[in-house]
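All heavy atoms count here, side chains included; hydrogens, waters and symmetry mates do not.
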Amino acid sequence: MTATKRKLAIVTGGGSGIGLAIAGKFVQQGIRVVIAGRNQERLDTAQQQLGELCHAIPCDVTDLAAIPGFVQTVIDRHGPIDILVNNAGTNMKKDFTDVTDEEFQQVILTNLSAVFSMSREVVKHMLLQQNGCIINISSMAAQYGIPKVIAYSASKTAIDGMTRAMAVELSPKGIRVNAIAPGFIYSDMTAKALDSDPERKAKVFARTPMGTMGQPADIGEAAYFLASDAAKFITGVILPVDGGNSIGF
Ligand code: NDP
């Protein structure tokens with residue numbers, strides 16, 4: 001297959017954890033991937049690991065004014081965008097009353113406002129080709145209440161609503177929009193949140209019927225499915241990939 005006939009995906013936060021696993025699965029399936037993040041060294045390492053179908057373009061998604069330029073750079077260098085995975089995210093674990101307005105805003109900016117701005121800019125181009133697929137990364141924090149992650153919970157719950165609203169508006173125009181709600185997946189983020197809190201970790205395992213945490217690759221598989229033609233009639237869903245955590249007793 002020639003390079004230009006291969007689909008092109010953007011994966012934000014594609015230099016590590018879940019984003020890297022999604023990018024890796026896409027590349028393995030012959031999809032060209034642009035990984036975006038702030039840490040150039042991390043992006044370069046990921047790019048070398050994934051090979052020539054992977055390209056790294058630095059981007060801080062919280063710099064909303066720079067997003068149109070980032071999307072244009074992707075298109076100028078690599079052509080039309082077929083798939084956008086809004087994976088970049090941040091978490092902050094603190095007691096409710098200790099969270100400052102600035103901290104709350106920062107999480108909302110990364111996990112929600114940036115997802116809106118990035119999607120809007122990419123959709124402008126997808127509308128021209130009347131075709132596209134957007135995958136947002138949600139969380140169990142949008143399925144049930146988790147203490148000490150107030151801003152994160154607010155942001156991910158809003159992602160679910162935005163996914164549905166985007167799906168009803170954009171699906172008639174050929175753009176499918178879905179979300180994946182990962183359960184507890186081994187990554188830097190969960191290490192920070194759980195390793196210092198054995199009680200929380202025990203609770204995670206206790207309410208996960210499959211009795212284990214997931215691997216980033218489990219999310220990569222689900223993202224590839226949602227991006228593929230196998231999911232051509234699927235839009236507006238929030239797909240839990242969680243070992244049953246969301247329905248656990
Ligand atoms: P990581 O901390 O490993 O990855 C987060 C990624 O987001 C990094 O690559 C980071 O890159 C990128 N990122 C963060 N802030 C920005 C920014 N301002 N601009 C650009 N990129 C940014 O965590 P995970 O892989 O675990 O998380 C990935 C997604 O999955 C997140 O949305 C998270 O909320 C979600 N999720 C994770 C779960 C889990 O159990 N691990 C469970 C549920 C949801 P860099 O630092 O280079 O900018």
Task: Asp160 side chain to Thr157 backbone, donor-acceptor under 3.5 Å - done: no
TODO: Search all heavy atoms of Pro209 against all heavy atoms of Gly243 and return the closest pair with its distance.
DONE: CD-O, 3.4 Å
TODO: For the pair Arg77 (side chain) and His55 (backbone), establish whether a donor and an acceptor sit closer than 3.5 Å, ignoring hydrogens and angles.
DONE: no
TODO: Look at the side-chain heavy atoms of Ile, Leu, Val, Met, Phe, Trp and Tyr, link any pair under 4.5 Å apart, and say whether Val115 and Val237 land in one connected group.
DONE: no
Open item on the list: Taking atom NZ as the centre, does Lys148 end up with more than 12 heavy-atom neighbours from other residues, nucleotides or ligands that are less than 6.0 angstrom away?
Closed with: no
Open item on the list: For a 4.5 angstrom cut-off between non-hydrogen side-chain atoms, does Val71 reach Ile75?
Closed with: yes
Open item on the list: Quick one about Ser119 and Asn86 (side-chain donor to acceptor, distance below 3.5 Å, no hydrogens or angles considered), yes or no?
Closed with: yes
Task: Same cluster (ILVMFWY, side-chain, under 4.5 Å), Ile22 and Leu84 - done: no
Task: Residue pair Asp44 / Gln40, side-chain donor-acceptor N/O under 3.5 Å - done: yes
Task: Intermediate values then yes/no, side-chain contact (heavy atoms from CB on, under 4.5 Å), Gln106 and Thr62 - done: CA-CA 8 Å; Gln106 190 59 31; Thr62 64; 3.8 Å; yes
Open item on the list: Other residues, nucleotides and ligands only: do more than 12 of their heavy atoms fall within 6.0 Å of CD on Gln129?
Closed with: yes
Task: Close side-chain approach of Met213 and Leu194, heavy atoms under 4.5 Å - done: yes
Task: Min side-chain heavy-atom separation Thr208-Asp242 under 4.5 Å - done: no
Task: Leu128 with Ile134, same ILVMFWY side-chain cluster at under 4.5 Å - done: no
Open item on the list: Which heavy atom of Ala193 sits nearest to which heavy atom of Arg200, and what is that distance?
Closed with: O-CD, 4.1 Å
Open item on the list: Quick check on Lys94: does its NZ atom have over 12 non-hydrogen neighbours (other residues, nucleotides or ligands) under 6.0 Å away?
Closed with: yes
- [ ] Indicate whether any N or O donor in one side chain lies under 3.5 Å from an N or O acceptor in the other, for Thr90 and Thr110.
- [x] no
Open item on the list: Less than 3.5 Å apart, any donor N or O on the side chain of Gln105 or Asp101 sitting next to an acceptor on the other?
Closed with: no
